[in-house]
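The structure under discussion appears below in the form of structure tokens.
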Protein chains: 2
Amino acid sequence: MLTRTTLPPTMKAVAQLAGVSTMTVSRVVNGVEVVRPDTVARVRAAIEQLNYRPNTSARMLAVQEQVGVGVLYSNPSGGYLGEILVGLLEGSGHQQMPARVVLDKCPPGASEVERATELIASGLQGLVLPPPLSDNAELLDAVEAAGTPVALVASRPPGPQRDLVSTVTVDDAAAAQEMTRHLIGLGHRRIAFIRGPLSQAASRHRLEGFQRAMAAAGLAVAPELVVDGDFTYRSGLDAAERLLAQAQAPTAIFAANDDMAAASVAVAHQRGLHVPGDLSVVGFDDTAIATTVWPELTTIRQPIAEMSCRALQILVEQIHDQVNRHLISPENVVLGHTLVRRQSDAPPRVRPAVRASPSAVLDP
Amino acid sequence: MLTRTTLPPTMKAVAQLAGVSTMTVSRVVNGVEVVRPDTVARVRAAIEQLNYRPNTSARMLAVQEQVGVGVLYSNPSGGYLGEILVGLLEGSGHQQMPARVVLDKCPPGASEVERATELIASGLQGLVLPPPLSDNAELLDAVEAAGTPVALVASRPPGPQRDLVSTVTVDDAAAAQEMTRHLIGLGHRRIAFIRGPLSQAASRHRLEGFQRAMAAAGLAVAPELVVDGDFTYRSGLDAAERLLAQAQAPTAIFAANDDMAAASVAVAHQRGLHVPGDLSVVGFDDTAIATTVWPELTTIRQPIAEMSCRALQILVEQIHDQVNRHLISPENVVLGHTLVRRQSDAPPRVRPAVRASPSAVLDP
DNA sequence: CTGAAAGCGCTTACAG
DNA sequence: CTGAAAGCGCTTACAG
């Protein structure tokens with residue numbers, strides 16, 4: 001059934017069928033604006049009919065331009081890296097100008113700046129940076145100094161817009177706000193928050209979203225209910241321990257990522273608390289651990305694969321423009337998130353005796 | 001410092017420097033045996049001096065052969081997929097004939113056979129299959145019927161050698177045996193084993209290794225100490241629960257993968273047991289969860305990235321041979337594993353009153 | 001054992 | 001607005 005002997009259609013075939021030269025087909029394929037509309041239509045039809053796809057090898061050879069981007073990572077936070085790679089692979093394949101993507105792991109000891117410089121020196125023209133490297137200002141300085149465009153995935157550091165730094169994120173603050181509102185909607189009032197490292201923009205935004213939702217509901221955030229974590233499971237263990245040891249323990253914990261949320265579930269179980277009966281626990285990211293752990297975690301889904309795919313796209317475009325001496329301008333793409341409800345959240349078992357004030361309207 | 005204006009050296013440049021034609025350079029690069037040794041040496045020197053690297057686009061265009069392999073996966077067991085992709089990316093880049101790699105996720109409902117057939121029909125000439133798809137005999141039948149070479153990662157199903165099916169694995173049985181011996185060496189006698197799904201060859205091999213080590217040490221394996229799991233965290237929870245509820249609970253649990261080991265740790269904590277003080281827990285695979293959980297898991301490290309890299313290599317070679325009408329023969333590569341000792345294992349707190357018989361020599 | 005010629009599928013100047 | 005010519009870097013026959 002599978003005839004591999006049939007060679008794929010070429011530009012010449014399309015040209016013949018459309019009654020034009022290959023040059024014109026090339027113009028249509030590349031979206032050059034000068035072609036007459038009816039000619040464009042004829043060529044498009046021929047392309048469709050033949051199911052023509054440009055041969056990327058030929059294209060790359062002809063344009064004398066090979067695009068390569070490096071992905072520098074450290075601390076592949078669990079499922080994160082996997083999803084990033086999925087997106088990259090999808091992106092690098094289904095593209096006009098496919099990019100060679102080179103992975104590089106930056107070991108804990110190594111200098112990140114040095115590593116990035118080496119990557120650039122090895123002939124790569126762009127860099128994708130996932131957290132936590134995305135929040136390393138020194139690194140961004142160095143890469144920018146080398147004139148190399150960068151795309152940050154899942155983090156948008158503060159400060160003035162840099163000329164070569166694009167970002168692809170979700171609205172972390174809005175998402176955290178939504179999740180907090182969800183918990184409040186279930187009836188929770190004493191809600192604890194486990195922060196991520198404040199060195200990462202995403203962590204700060206998530207905290208902001210939490211605070212905003214609490215304030216909007218007229219709920220005070222007791223200082224002892226906001227504790228530090230560093231996105232590791234281990235830190236989540238410590239944080240949850242501190243939280244649940246309190247005299248007036250929270251009825252819900254919102255952890256700034258899934259690893260720390262999973263750790264909170266473990267601590268709750270250790271203390272004989274039922275999740276979500278005695279304690280609701282929610283996370284952020286929807287990485288593998290969210291569905292590994294039991295009960296499965298209610299969390300915010302970031303479309304990581306899509307994000308890294310977009311990051312690659314942006315980079316490839318910019319590299320292309322840069323080669324052609326066009327001015328390039330950075331993009332800041334914000335993709336949509338989703339609150340994924342699973343089994344780790346429920347109304348608090350015991351309604352607080354003192355109701356929230358009537359002014360605490362949840363949804364105006 | 002970075003001069004991007006310098007164009008990379010071409011075959012012509014090498015030919016000129018070596019005083020030969022480009023044809024001869026091509027022969028040397030491709031390892032064609034007919035070239036005179038001293039000519040080869042001269043060309044090699046020129047290649048070295050110029051730091052010449054063949055232009056893959058030109059090569060692919062000229063040979064009219066584009067290699068594409070599909071990776072079909074379902075149930076990306078946590079960190080597994082990430083590591084597989086890392087290996088694939090490394091492999092697809094650093095190769096003579098770089099391969100286009102296309103990812104395809106097979107959703108729970110979808111027919112795996114159908115999916116694979118589509119991938120092949122879409123122009124891919126080889127398939128990489130991670131578990132559990134690697135153990136689907138029906139799938140292998142179908143792919144083989146289509147004449148497409150396959151490489152299985154981390155699983156070697158039983159039965160006669162198939163003509164088109166290669167495997168890259170570790171020696172699961174030997175690794176499990178080693179881990180069991182390690183526990184015995186620490187002084188454990190009542191060692192429980194949580195099995196993986198018996199439909200997967202790797203599961204069966206790990207169980208065999210466990211049994212072999214126990215038998216070799218003259219230890220009986222109580223039937224109630226071998227329980228079923230399906231490699232999910234959830235199943236590990238149930239299994240550990242059953243194990244630890246027993247009157248004479250085990251002093252160590254060996255789970256056939258890390259997810260189930262992590263679940264065992266959670267159950268132990270829930271029951272107030274200290275790990276590893278009261279209970280040792282060890283896993284298999286060394287996926288992300290092994291270092292996420294606390295205490296970090298002692299486990300067997302499989303070099304997954306390297307395995308998938310090799311799988312890709314094998315496939316690319318075979319596709320190449322197939323195109324050239326050579327007969328292809330499947331390979332079965334066994335890579336080395338490592339016992340990674342971390343914090344989840346220790347000698348049993350209470351030495352059993354009855355020592356093992358003197359004949360229970362652990363290391364002959 | 002080695003090389004000159006033609007071609008892979010596309011694009012970049014240049015004409016018209 | 002469209003096309004004929006030359007070339008990207010490599011390889012496949014074919015000579016010698």
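In what follows, chains carry the letters A, B, and so on, assigned in the order in which the sequence lines appear, proteins first and then strands, with residues in each chain numbered from 1.
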Look at [X] and [N] and indicate whether a side-chain polar atom (N or O) is within less than 4.0 Å of OP1 or OP2.
X       : N      : result
A/Thr56 : C/dC10 : no
B/Thr10 : D/dC10 : yes
B/Ser26 : D/dT11 : yes

When you measure from the side chain of [X], which nucleotide among [options] comes out closest?
X       : options              : answer
B/Met11 : C/dC8, D/dC10, D/dT2 : D/dC10
B/Val34 : D/dT2, C/dT2, C/dC10 : C/dT2
B/Thr24 : C/dG3, D/dG9, D/dC1  : C/dG3
B/Ala58 : D/dG9, D/dT11, D/dT2 : D/dG9

Next on the checklist: Reading DNA chain C from 5' onward, which residue's closest nucleotide shows up sooner: B/Val35 or B/Leu61?
Outcome noted: B/Val35
Checklist outcome for this item: Of A/Met23 and B/Asp38, the one whose closest nucleotide on DNA chain C sits nearer the 5' end is B/Asp38
Next on the checklist: Is there a side chain to side chain contact (heavy atoms under 4.5 Å, CB included) between A/Ile47 and A/Arg44? Walk through the geometry before answering.
Outcome noted: CA-CA 5 Å; A/Ile47 288 177; A/Arg44 286 247 169 83; 5.6 Å; no
Item to check | Side-chain heavy-atom pair A/Arg27, A/Thr39 within 4.5 angstrom cut-off | outcome: no
Checklist entry - What heavy-atom pair brings A/Gly126 and A/Ile319 nearest, and what distance separates the two atoms? => result N-CD1, 3.8 Å
Checklist outcome for this item: Nearest heavy-atom contact between B/Met11 and B/Ser26 is CE-CA, 3.3 Å
Checklist entry - So what does B/Ser57 hit on the nucleic acid, given a heavy-atom distance under 4.0 Å: a base, only sugar-phosphate, or nothing? => result nothing
Checklist outcome for this item: Under a 3.5 Å limit on both distances, the Watson-Crick or wobble mate of D/dA13 is none
Item to check | Watson-Crick or G-U wobble partner of D/dA4, both distances under 3.5 Å | outcome: none
Next on the checklist: Nearest heavy atom decides the nucleotide; on that basis, is A/Pro37 or B/Tyr52 closer to the 5' end of DNA chain D?
Outcome noted: A/Pro37
